[in-house]
Enquirer: 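After the structure tokens below, expect a handful of questions from me.
Keep in mind that what you see is a predicted model, and the values were worked out from it rather than measured.
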Amino acid sequence: MSDPAFYHAQGYAALPLFDRALVEAAQADIAEHIDRLSHALYLPYEQSCPDAPLADRLDRIYESDRSQANLLRVAICTDAHRGPRLQEIANDPRLRAEAERVSERELAGKVVRIRASIASFPEHRHAWHSDVARDDGVACGQVWTTAWIPLCDAGPGNGGLEIIPGRQPAPLASVTDNGLRITEDAIAGMPRLEPECPAGTVLLLDRFTPHRTLPANRARFALVIWFKAA
């Protein structure tokens with residue numbers, strides 16, 4: 001799956017690039033971010049369920065205070081990627097080198113964020129989309145390759161991704177009442193794949209590859225890097 005010819009034909013590639021222990025340890029950046037924010041709130045710190053495992057913590061908070069849980073979810077997806085362990089992964093030169101090798105395209109610039117599949121927030125799981133919905137060469141249209149790096153084992157039933165294999169020549173999104181979306185009609189009859197991604201795996205996606213987030217019984221966090229074409 002790491003061959004450039006496979007990527008160009010299928011629109012994705014899975015690479016066992018990072019050490020499992022390094023990737024799993026990076027979850028501590030998210031836990032520490034929750035602690036930091038919870039100490040800054042008027043709410044008692046104990047209401048942030050500090051003794052709960054990270055995979056259960058936001059769901060536990062949600063049981064008593066949905067607003068608090070959502071505040072922390074948004075903060076994680078906005079700022080937690082700046083943690084030192086996560087930055088070490090995002091800035092590892094092997095990551096960009098592999099993305100350039102597989103896509104056979106020089107890359108320059110990137111956007112980094114944390115993304116999550118959390119049982120208490122099914123409305124925030126990403127529906128079918130591609131990372132470039134409008135090929136206009138500006139904003140997201142500059143993205144060429146996406147690196148999706150789950151911080152724990154991910155796959156079917158564990159908050160992985162479902163993708164449409166087979167490289168697309170253009171975005172499949174169309175204008176709907178909710179903006180640019182890939183509708184079920186647009187992908188009807190197309191094959192679907194749920195890749196197994198053990199911790200340490202990097203899933204590289206072409207900019208037009210349709211994908212969506214699968215549900216998870218326990219929170220799954222992933223580091224996502226959108227690489228822009230040079």
Side-chain angles (χ1 to χ4, degrees), residues 1 10-15 23-24 26-27 30 34 54-59 61-62 66 69-81 86 89-90 111-133 140 143 145-166 168 171-174 176 178-188 190-227:
M1 290 186 183
Q10 297 299 319
Y12 78 97
L15 313 174
V23 171
E24 292 180 335
Q27 294 180 97
I30 299 174
I34 295 173
L54 177 62
D56 302 321
R57 193 168 178 181
L58 290 185
D59 289 316
I61 296 169
Y62 182 95
R66 176 193 172 115
N70 191 52
L71 173 68
L72 295 171
R73 180 195 65 80
V74 172
I76 289 167
C77 293
T78 301
D79 192 53
H81 64 278
L86 293 166
I89 296 170
V111 176
V112 183
R113 292 291 186 273
I114 292 292
R115 291 294 179 258
S117 178
I118 303 168
S120 295
F121 294 100
E123 69 275 19
H124 290 293
R125 289 199 304 266
H126 290 284
W128 284 112
H129 68 286
S130 59
D131 291 323
V132 173
C140 75
V143 171
T145 300
T146 299
W148 186 80
I149 309 169
L151 303 181
C152 62
D153 293 342
N158 194 29
L161 297 185
E162 184 175 20
I163 68 174
I164 302 292
Q168 302 298 322
L172 294 178
S174 58
T176 70
N178 294 317
L180 278 170
R181 296 287 188 274
I182 296 178
T183 64
E184 284 290 341
D185 287 344
I187 56 175
M190 291 185 175
R192 301 184 181 193
L193 180 67
E194 300 177 3
E196 291 280 359
C197 294
T201 301
V202 177
L203 184 64
L204 294 174
L205 297 173
D206 179 75
R207 62 196 198 130
F208 298 148
T209 297
H211 56 284
R212 67 173 175 176
T213 307
L214 295 170
N217 293 326
R218 307 180 74 206
R220 181 276 300 149
F221 298 95
L223 181 67
V224 184
I225 299 97
W226 293 272
F227 287 105

Enquirer: Which distance, rounded to the nearest 0.5 Å, do you find between the CD of Gln10 and the OG1 of Thr209?
Expert: 9.5 Å
Enquirer: State, to 0.1 Å, how close Pro191 and Pro165 come at their nearest heavy-atom pair, and which atoms those are.
Expert: O-CD, 3.3 Å
Enquirer: If I take atom OG1 from residue Thr146 and atom CZ from residue Arg207, how far apart are they, to the nearest 0.5 angstrom?
Expert: 10.5 Å
Enquirer: Output the distance between atom CG (Leu223) and atom CG (Leu151), rounded to the nearest 0.5 Å.
Expert: 6.5 Å
Enquirer: Evaluate the side-chain proximity of Trp128 to Glu162: yes if any heavy-atom separation is below 4.5 Å, no if none is.
Expert: yes
Enquirer: Does a side-chain heavy-atom distance below 4.5 Å link Leu161 with Leu205?
Expert: yes
Enquirer: Roughly how far, to the nearest 0.5 Å, is CD of Glu123 from CG of Asn70?
Expert: 7.5 Å
Enquirer: So, applying side chain to side chain contact (heavy atoms under 4.5 Å, CB included) with Ile114, which one of Thr78, Ile30, Val224 is it?
Expert: Ile30
Enquirer: Please name the pair of heavy atoms, one in Ser130 and one in His211, separated by the smallest distance, quoted to 0.1 Å.
Expert: CA-CE1, 4.2 Å
Enquirer: Quick test of your reading of the model: are Glu184 and Arg192 salt-bridged, counting only N-O distances below 4.0 Å?
Expert: yes
Enquirer: Can you name the closest pair of heavy atoms from Arg115 and Arg220 and give their distance?
Expert: O-NH1, 3.4 Å
Enquirer: Please name the pair of heavy atoms, one in Cys197 and one in Trp148, separated by the smallest distance, quoted to 0.1 Å.
Expert: SG-CZ3, 4.1 Å
Enquirer: Within the structure provided, determine whether Leu58 and Ser120 are in side-chain contact (heavy-atom separation under 4.5 Å).
Expert: no
Enquirer: Is it the case that atom CG in Asp79 sees more than 12 heavy atoms from other parts of the structure closer than 6.0 Å?
Expert: yes
Enquirer: Nearest heavy-atom pair of Ala216 and Ser117: which atoms, and what distance?
Expert: N-OG, 3.6 Å
Enquirer: Got a second to check how far Ile187's CD1 is from Gln168's CD, nearest 0.5 Å?
Expert: 10.0 Å
Enquirer: Can you give me the closest heavy-atom contact between Pro195 and Ile163, atom names plus distance?
Expert: CG-CD1, 4.2 Å
Enquirer: Considering only heavy atoms from C-beta outward, does the side chain of Val111 approach that of Val143 to under 4.5 Å?
Expert: no
Enquirer: Side chains of Phe208 and Leu172, heavy atoms from C-beta outward: is any pair under 4.5 Å?
Expert: no
Enquirer: Please answer whether the main-chain N or O of Ala199 pairs with a side-chain N or O of Asp153 as donor and acceptor at a distance below 3.5 Å.
Expert: yes
Enquirer: Working to the nearest 0.5 angstrom, can you tell me the gap between Leu204 CG and Ile225 CD1?
Expert: 9.5 Å
Enquirer: Side-chain contact test, heavy atoms from C-beta onward, threshold under 4.5 Å: evaluate it for Tyr62 versus Ile118 and give yes or no.
Expert: no
